[in-house]
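Beneath this line is the structure, given in structure tokens, with notes to follow.
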Amino acid sequence: MPFLALLPTFAQAVEVNTDVHCFFDETSKLRVEFRHIWLEVVDGTIKGKYQISSQGASIHGFTYTKLKTGAEFAFIEKTVANREGQCRW
């Protein structure tokens, strides 16, 4: 997964769960979404949890939860170009 590049060099990510969610979208087409849960492990201790929802190459949701405080961070992908035609990530 590309998100592994976000981890500090001293951390590991261990996938603990993957499930498949099927649903109908607004046009009544059947869609399949994959949900992954990865744990961030530093010095043998679980520090955080990543949750990723994807459909093919599209990522619909990407959150990180810091387990010590319970704080949740949502990553948002900007796919629309600005007025100058540039995409800002």
Side-chain angles (χ1 to χ4, degrees):
M1 296 290 295
F3 85 91
L4 292 176
L6 299 173
L7 290 175
T9 56
F10 54 84
Q12 296 178 277
V14 179
E15 185 170 15
V16 293
N17 187 33
T18 299
D19 66 349
V20 179
H21 175 68
C22 298
F23 62 97
F24 289 95
D25 68 8
E26 62 279 352
T27 64
S28 299
K29 290 185 180 178
L30 179 63
R31 301 292 182 190
V32 178
E33 183 176 87
F34 293 91
R35 296 178 181 166
H36 306 273
I37 296 176
W38 293 72
L39 298 178
E40 176 186 35
V41 181
V42 178
D43 295 329
T45 304
I46 298 171
K47 299 290 186 177
K49 177 174 68 172
Y50 293 91
Q51 296 183 62
I52 304 166
S53 297
S54 63
Q55 183 181 27
S58 298
I59 296 176
H60 300 285
F62 184 5
T63 60
Y64 171 77
T65 304
K66 187 173 183 176
L67 296 183
K68 185 176 182 179
T69 63
E72 186 173 286
F73 304 90
F75 296 88
I76 299 170
E77 179 182 23
K78 292 185 177 181
T79 58
V80 180
N82 63 17
R83 291 180 185 168
E84 291 80 34
Q86 300 171 334
C87 293
R88 303 268 184 212
W89 300 93

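Side chains included, hydrogens not; waters and symmetry mates left out as well; all remaining heavy atoms used.
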**Report entry** Distance in Å, Ile37 CD1 paired with Tyr50 OH, rounded so as to fall on 0.5 Å steps
**Finding:** 14.0 Å
Query - Heavy-atom pair of closest approach, residues Ser54 and His60 - result: C-CD2, 4.1 Å
Report summary line: Here the pair of heavy atoms bringing Trp38 nearest to Ile52 is CD1-CD1, 4.4 Å
Query - Interatomic distance, Leu39 atom CG to Thr45 atom OG1 [nearest 0.5 angstrom] - result: 12.0 Å
Report task. Over all heavy atoms of both residues, which pair between Tyr64 and Glu40 is shortest? Give the atoms and the distance, please. Result -> OH-OE1, 2.5 Å
Requested in this report: Starting at NZ of Lys47, measure out to NZ of Lys66 and round the result to the nearest 0.5 Å.
Outcome: 9.0 Å
Requested in this report: Report, as yes or no, whether the 6.0 Å neighbourhood of atom CG on Leu67 holds more than 12 heavy atoms from other residues, nucleotides or ligands.
Outcome: yes
